[in-house]
Each structure stands twice: as C-alpha cells, then as structure tokens.
Amino acid sequence: MAYTLTTISTQSHSFLGSLHSVFHPMIPIQFTPILLQSILKPTVFKAPQINPHHCNRHTLQHLFHSDSQPPSNPFITLWINGRTATVLKGTSILNAARSVGVYVPSLCYHPSLKPSGTCRLCLVDVLRNNPNRGKPVVSCATEAQDGMVVVTNSDEMKAHIHQQVFMMRRRHPDLCQTCAANGHCEFQDLIGRYNVKKPEYVNPRVKPSLEREGVAHKEDRSSPAIDLDFSMCVLCLRCVRACSENQGMNILGVVARGNDEVVAPLYSLKLKDTECISCGACVAACPVAAITEKNAVNDVLHLLESSMDYSGLAVDDHNSPKEFNENMLHSKKFVTVVQTAPAVRVTISEEFGLPPGSISTGQLVRALKMLGFDYVFDTNFTADLTIIEEANELLKRIQNNGPFPMFTSCCPAWVNMVEKVYPQLIPNLSSCKSPQQMFGSLAKSYFADKIGRDATQIKVVSVMPCVAKKDEASRKELVNTVSNTADVDYVLTTRELARMIRMHRPKIFFAALEEEQYDSPLGESSGAGLLFGATGGVMEAALRTAYAVTSPDSSSKSVPGRLRFEEVRGLEGIRRATVDLHGVPLNVAIANQGANIRKLVEMIEEGKINDLHFVEMMACKGGCIGGAGNPKDAVDVNLLEKRVAAIYRGDEAKVIRMSHENPEIQQIYKDFLGEPLGTKSHLLLHTKYSPRDTVQSAFQRAENLTSAEALEKHLRV
C-alpha cells in the first residue's frame with residue numbers, strides 16, 4: 001500500500017515523544033524516529049526528501065489523506081535475556097537489546113554507519129526464529145524478528161568475546177596511561193569488562209616489512225589537523241567507512257591481507273599528500289586512538305603556565321594589594337585570550353555527565369577562567385560580524401550579477417574540499433574569514449589597542465567542535481598582516497578542553513560551577529550568532545538580517561523582523577528553499593556532511609540546479625553541533641537532534657536575535673572598522689583561496705580515475 005504525503009514540517013526537534021500519543025504510547029521514545037521511518041518507507045516521494053526525525057505531532061495528523069487506511073502494526077516483540085523488547089520492524093537485534101538496557105559489546109558498529117559485523121563481538125544466540133540455522137548471529141547486522149528469544153550473556157558467548165578481545169590485545173600496545181583515548185576508549189572498556197589479561201607478547205599491527213616496502217605507515221603526523229598511529233588500530237574499519245560512506249572522500253582503505261591487514265591512505269601516501277579535507281570524520285569514528293586530532297593540550301598548558309614574567313615582582317616595594325595586582329597584569333609576557341564556538345557550550349556538557357542537549361555557557365566561561373585564561377570571549381560575536389560582512393558581499397554580487405551561487409566559507413573542511421577537489425569554484429567562495437579567524441584578527445588589533453598591548457603579546461586560543469579548525473589556523477593566508485603572527489595561535493577541540501578541565505587540580509566540578517559571563521568587548525552576541533552551531537544556522541542568521549534590512553519600513557523600529565525560517569532548518573543532507581524577501585525571491589540551499597556536499601556540487605556543476613544565489617556548506621553531519629571535535633558517542637541514535645534542539649532553545653532565550661542589532665557589532669564598526677567591506681574590514685576580515693594540487697590528484701589523473709575508483713583499484717573497503 002502506498003500513502004500520499006500531504007503536509008509535513010521540520011519545525012520540532014523535541015517532539016518525538018508526542019508520537020506515542022498518536023500511535024503507540026508503550027513504545028520506547030528512542031524508537032519514535034524509526035517508527036515514522038517505517039511508516040513512510042513504502043511511500044514513494046519526490047524531492048525534497050523527507051527526514052522523519054523532524055516531524056511534529058500536529059503535522060503527523062496530516063501525513064495521510066483522510067481516505068487512506070493506517071498502516072499495519074509496525075511493531076514486533078522479542079525477548080532478550082528474559083526482558084521483553086517491543087520495537088519497530090527493521091530494528092537490529094543490537095538496537096533492540098539496547099532499547100531495554102541489555103549490554104551487547106561492539107567495536108565496528110556506529111549509529112552513523114551501515115552495519116558491517118567485522119569485529120564479531122556482537123554475536124548473540126537466538127533460541128527461537130534463528131535465521132542462521134541455530135548458529136550465533138551478528139546482532140548489529142541481523143534484523144530482529146517477532147517472537148525471537150535472544151541470549152547475549154551465555155557462558156559460550158562470554159568466552160567467545162573474551163577470546164576475540166584477547167586476540168585484539170595481542171596486536172595492541174599496552175600504552176593506556178599516556179594514550180589520548182585513556183578513559184574514553186571503547187577497547188579499554190572491553191578489556192576491563194571481560195577482564196582480559198595482558199598477553200605475554202604483542203605483535204605489531206603494522207609489520208616492519210610493510211613500512212620498508214612503502215605499503216603502510218605505522219605513524220603519520222604530516223597533517224596539520226590529524227595524527228595517525230595505526231599501531232593502535234583494532235581493524236574495526238569505522239574510519240574507512242566514515243570517510244567513504246559519510247564524507248564521500250575515499251581517502252582510507254585496507255592494504256595487505258590476512259594477518260598483515262592494516263588501514264592506510266590511498267596510494268599509501270602521507271595524509272598531507274592526499275585530498276584529505278581534515279574534516280575529522282575518521283577521528284570521530286575511531287573507538288581507540290589510532291586516529292586523533294593533533295594534540296594541543298600540552299602547548300596550551302605551557303602557554304598558561306609561562307605567560308608571567310616574575311622578575312619584576314620579586315622586589316618588595318610595599319605596594320598595596322591593588323597595585324600588586326596591577327603590576328602582575330603588566331608583568332605578563334603574554335595576555336592569554338580564549339574564544340569558544342557556538343556548539344561548544346552545548347556539547348561540552350556531555351563530557352561531565354550532563355544529558356545531551358544541556359547548555360552550559362556560564363560554567364564553560366567559569367572553567368576557562370579557573371584554568372588561567374586572562375580573557376574569555378565568545379566566537380558568536382564574530383559570527384554576528386560574519387553575517388554583516390557576508391550579507392554585504394552577497395548584495396555586491398547581486399549588483400554585479402554574480403558570480404553565483406555564493407558559497408559560505410565558515411567551514412574549513414569545505415574550503416579544503418574546494419581548493420583540492422573543486423578549484424573551479426574558488427570564485428564562488430565568500431571571501432569572509434571564518435568567525436574563528438575574524439576573532440583572532442580583531443583580538444590582535446582592536447582588542448590589543450584597547451588594553452595597550454602589542455599584537456605579538458596577545459596569544460589567542462580557540463575552543464572548537466571541529467578538527468579542521470586546527471588546519472585552518474595553520475594556513476599561511478591567515479596571518480595577521482600587522483604583527484606577522486597567526487590570527488589564532490592554538491586550537492583545542494571540545495574533547496581536549498574537557499581533558500584539561502579533568503586534569504586540573506584542585507578538581508573542577510564542572511556541572512556545579514557558578515555561572516560567569518563572557519568578557520567585553522568581544523563577548524556580546526545575538527541568537528543568530530548561536531545558530532552557527534547547527535546546519536542551516538548560518539543561512540538563517542543571514543536571512544534574518546536580509547529580511548530586516550530589505551524591509552520597505554526598515555528604518556522603523558516598530559516593524560518586527562522575521563525570526564524563524566523553517567524552510568532552512570532540519571537535518572536532511574540537502575535542503576533547498578526560495579525565501580521571499582518582500583517580493584524578491586532568494587534561492588538558497590544547504591548541505592551538511594561531505595557526501596551530500598559533493599552531491600549538491602555535482603548537481604550544480606551538471607546544470608541540474610542553476611538558479612541558486614546563496615549556499616551554506618558544512619562538512620559534518622548536523623553542522624558544527626556534529627563536529628568531529630565533540631564528545632564521541634557510538635550509541636545514541638538521536639544525539640544530533642538533542643544537540644540541535646539546544647541551539648534553538650539558546651537562540652530563543654537571547655534578548656537580541658539578529659546580528660545587525662548587536663550593539664558591540666555596531667560599536668566596532670563605529671570605532672574601528674568603519675564600514676562593511678571597507679579598507680580595514682577587507683584587510684582584517686577577508687582572505688583569499690588558491691588551488692591546491694595534491695599527489696593523490698596527480699596519480700588519479702595519470703590513471704584517469706575518480707577517488708572512489710582509485711580506492712577500489714588500490715585498496716579494499
């Protein structure tokens with residue numbers, strides 16, 4: 001039976017629970033998105049594709065014509081370790097078990113990837129309705145059936161898991177104490193849970209013969225953002241699948257065979273010589289520390305601990321405490337400034353036991369002060385600034401009739417993709433620096449002047465949800481032209497900051513900290529700036545300002561602006577909309593996740609879409625809220641929805657909702673920048689891009705192959 005979709009909305013990220021009252025109130029809430037998917041599955045839809053994660057209760061009533069019959073019961077019931085599980089048809093045994101709190105081990109499974117069953121750790125016994133003729137089945141890749149009786153914790157299964165983990169440990173170095181994943185390692189958890197003892201000897205994962213032959217590399221630290229250490233690899237292949245399935249980049253694969261198998265970049269190149277865009281999808285997927293972001297924790301700790309010049313404080317001048325404190329401030333060799341990205345205030349909560357979707361802005365600021373930073377500012381401020389510059393750039397292109405579409409340039413992984421894979425699109429990229437880089441530039445000019453310091457005495461640290469921001473900060477184009485120093489000196493991911501907070505003594509109880517406000521003058525922001533944390537947020541922030549300033553009555557403060565643009569919200573991979581700006585149609589598009597970006601670019605290149613004016617591109621699923629520098633979670637299938645909902649709640653709680661209404665933005669143009677796209681703005685807030693040919697690209701041209709074809713020819717997935 002087919003059903004006809006009449007209306008559907010993407011306005012609610014938090015209303016999944018209401019699905020119970022419409023269909024089946026006894027079904028666990030985590031399966032409501034899957035329920036909707038199963039209902040819509042037999043229906044044939046035309047573009048735009050509907051994402052069932054974003055229906056709300058009211059629009060659900062209109063999913064079907066009144067003359068249509070509701071679908072047959074989409075639920076099944078099975079028993080797992082004596083517990084009753086009622087789940088949707090199509091649910092895997094693994095997820096059915098997790099829905100009722102039954103532990104099933106896994107390493108290769110990740111909710112963002114297609115199940116593969118390669119690690120063999122999730123084997124379970126099925127005593128009734130066994131599709132494998134009585135043999136154990138791979139629970140992550142086996143669909144649960146009605147009436148199944150499943151046992152996950154039999155002595156035989158425990159012995160099998162113990163043996164599997166022991167064999168993996170024989171190829172894994174015993175370096176937990178100094179490992180970047182220590183305390184957050186899925187393999188370490190398995191070793192502890194199943195009490196797997198240290199083997200007498202460890203065979204190297206990457207055999208020396210493979211290194212001598214140039215087939216594989218044990219370590220690769222050539223990338224400015226990502227470090228590879230395949231001696232830690234457990235061959236779950238989540239990195240390989242994330243790079244290919246989710247990002248469409250096809251950089252990683254498997255070389256050699258049998259006991260010699262190991263992950264390696266395409267053509268066995270160093271990572272810097274490939275088309276890697278530093279998105280970090282492989283980092284986010286890795287359950288161990290085989291692939292990590294380039295560590296900046298020790299550098300930042302050293303900066304905080306060595307910024308003071310104590311020589312002038314040793315003389316006893318009988319100063320008052322106030323005078324002594326002033327002397328201390330002037331005795332600093334460096335003034336340490338830290339900025340925090342929009343998504344960080346949400347995702348860092350998960351590192352300290354708070355539920356996904358919690359907002360911890362005040363605690364974040366307080367923790368950074370306790371770590372020793374002199375000033376704590378908000379990247380949302382320069383997100384607002386980006387909107388002003390970018391909106392004016394778009395208006396200028398409209399006046400000059402192009403080039404269109406104009407692409408956002410906030411996401412450094414997308415910029416890398418353009419320079420390495422689609423250099424013909426460089427004229428279409430906005431020349432605006434990202435908010436991170438705009439902030440660094442202003443901190444070493446405008447703010448340095450404010451506090452009477454030279455730009456070389458300002459050290460800027462960023463806390464970002466993004467691995468590619470480390471790559472961006474190292475770009476030679478993003479050097480402060482006045483001081484000849486990098487705009488941003490160090491970039492910490494959200495995970496790295498959490499590690500610093502946990503390392504601090506006395507202990508910082510993050511969740512219990514008193515809230516503290518951002519410093520001024522680079523700390524005030526609008527709700528629109530916060531929206532940069534979610535896919536579609538840059539677009540919506542721009543549309544708010546565009547709608548307001550193009551109003552025929554824009555000079556009147558009594559004219560309300562439009563604050564909700566539902567047509568650009570959601571988590572669908574590609575979204576298109578035409579927005580009415582007071583009679584002027586603006587055609588926009590949004591893409592998130594690398595594979596969807598490539599799909600949209602190809603549609604534009606092939607002429608299938610030729611009327612777009614403005615396009616937002618984000619390389620991570622969900623945008624920055626799903627960035628690879630955020631806390632890892634290989635279990636929660638609704639994680640992004642919870643995080644995105646927090647971004648919208650934070651926006652709605654702000655008094656100022658539009659970027660151009662931020663008084664600190666107005667003040668910085670009045671006192672320092674002059675006008676948008678002016679001489680000083682262009683010098684400090686804009687940049688340029690250049691094609692970057694890679695060794696991988698040269699090899700592919702020689703063989704006349706795409707990256708996917710080259711991967712299939714030279715490596716295995």
Side-chain angles (χ1 to χ4, degrees), residues 28 30-31 33-35 37-38 41 74-81 83 85-154 156-158 160-161 163-165 167-168 186-187 189-190 233-246 252-254 261 263 281-282 284-288 595 621 632-639 716-717:
Q30 60 264 40
F31 285 101
I34 311 173
L35 163 63
Q37 194 170 29
S38 70
K41 188 175 181 180
F75 305 104
I76 60 171
T77 299
L78 65 159
W79 292 267
I80 307 172
N81 293 359
R83 304 185 192 184
T86 302
V87 298
L88 292 159
K89 292 178 182 178
T91 302
S92 69
I93 295 175
L94 174 65
N95 281 327
R98 289 178 172 177
S99 75
V100 291
V102 173
Y103 175 83
V104 179
S106 67
L107 272 180
C108 68
Y109 173 78
H110 194 281
S112 71
L113 301 170
K114 298 174 184 176
S116 66
T118 55
C119 72
R120 317 305 288 179
L121 290 173
C122 68
L123 288 182
V124 298
D125 284 320
V126 179
L127 306 184
R128 194 166 75 190
N129 294 351
N130 189 325
N132 201 26
R133 299 181 180 181
K135 298 178 182 179
V137 301
V138 179
S139 63
C140 71
T142 303
E143 186 176 321
Q145 301 294 331
D146 196 38
M148 269 186 172
V149 177
V150 179
V151 177
T152 73
N153 58 1
S154 66
E156 292 81 3
M157 285 297 98
K158 289 180 180 178
H160 162 76
I161 296 165
Q163 182 62 20
Q164 287 289 104
V165 176
M167 295 302 293
M168 290 181 184
E186 295 177 44
F187 187 54
D189 291 344
L190 286 168
C233 182
V234 291
L235 276 184
C236 67
L237 304 187
R238 277 164 35 174
C239 59
V240 174
R241 290 181 286 142
C243 188
S244 299
E245 291 177 22
N246 293 349
L252 299 173
V254 180
E261 279 189 342
V263 175
C282 54
C286 183
V288 289
K621 176 69 174 176
K632 297 184 182 183
D633 190 325
V635 177
D636 193 340
V637 296
N638 296 322
L639 182 66
R716 301 193 315 285
V717 177

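Just so it is clear, the model here is predicted, and its values are computed rather than measured.
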Does any non-hydrogen side-chain atom of [Y] lie less than 4.5 Å from one of [X]?
{"X": "Cys122", "Y": "Val138", "value": "yes"}
{"X": "Met168", "Y": "Cys119", "value": "yes"}
{"X": "Val126", "Y": "Val151", "value": "no"}

Under the rule for salt bridge (Lys or Arg N to Asp or Glu O under 4.0 Å), what residues qualify as partners of Glu261, not counting sequence neighbours? Arg716
Listed partners of Asp146 passing salt bridge (Lys or Arg N to Asp or Glu O under 4.0 Å), at least two apart: none
Using side-chain contact (heavy atoms from CB on, under 4.5 Å) as the criterion, list what pairs up with [X], not counting sequence neighbours.
{"X": "Ala284", "answer": "Ala628"}
{"X": "Asn129", "answer": "Met148"}
{"X": "Thr142", "answer": "Ile93, Pro131, Val137"}
{"X": "Glu186", "answer": "Leu107, Arg238, Pro287, Ala634"}

To the nearest 0.5 angstrom, please state how far the [atom1] atom of [X] sits from the [atom2] atom of [Y].
{"X": "Leu639", "Y": "Lys621", "atom1": "CG", "atom2": "NZ", "value": "12.5 Å"}
{"X": "Leu88", "Y": "Ser99", "atom1": "CG", "atom2": "OG", "value": "10.0 Å"}
{"X": "Leu113", "Y": "Ser244", "atom1": "CG", "atom2": "OG", "value": "10.0 Å"}
{"X": "Cys286", "Y": "Lys632", "atom1": "SG", "atom2": "NZ", "value": "5.0 Å"}
{"X": "Asn153", "Y": "Lys158", "atom1": "CG", "atom2": "NZ", "value": "5.5 Å"}
{"X": "Thr152", "Y": "Ile80", "atom1": "OG1", "atom2": "CD1", "value": "8.0 Å"}

Over all atoms of both residues, closest heavy-atom pair of [X] and [Y]:
{"X": "Glu143", "Y": "Lys89", "result": "OE2-C, 4.5 Å"}
{"X": "Ile76", "Y": "Ala144", "result": "CD1-O, 3.2 Å"}
{"X": "Leu190", "Y": "Leu121", "result": "CD1-CD1, 3.6 Å"}
{"X": "Ala285", "Y": "Cys239", "result": "CB-N, 4.3 Å"}
{"X": "Ser139", "Y": "Ser92", "result": "O-CB, 3.6 Å"}
{"X": "Pro105", "Y": "Ile161", "result": "CG-CD1, 3.4 Å"}

Measure from the side-chain N and O atoms of [X] to the backbone N and O of [Y], and report whether any donor-acceptor pair falls under 3.5 Å.
{"X": "His110", "Y": "Ala242", "value": "no"}
{"X": "Asp125", "Y": "Ser154", "value": "no"}
{"X": "Arg241", "Y": "Cys108", "value": "yes"}
{"X": "Arg133", "Y": "Asn130", "value": "no"}

Can a side-chain donor-acceptor contact be found between Asn95 and Tyr109 if the only test is distance below 3.5 angstrom? yes
Can you see whether Thr91 engages Arg98 through a side-chain donor-acceptor pair at a distance of less than 3.5 angstrom? no
Could you walk me through whether Val288 and Cys233 pass the side-chain contact (heavy atoms from CB on, under 4.5 Å) check? CA-CA 7 Å; Val288 289; Cys233 182; 5.9 Å; no
So Val150 and Val102, side-chain contact (heavy atoms from CB on, under 4.5 Å) or not? Walk me through it. CA-CA 11 Å; Val150 179; Val102 173; over 6 Å; no
Verdict with supporting geometry, Leu123 and His160, side-chain contact (heavy atoms from CB on, under 4.5 Å): CA-CA 9 Å; Leu123 288 182; His160 162 76; 3.3 Å; yes
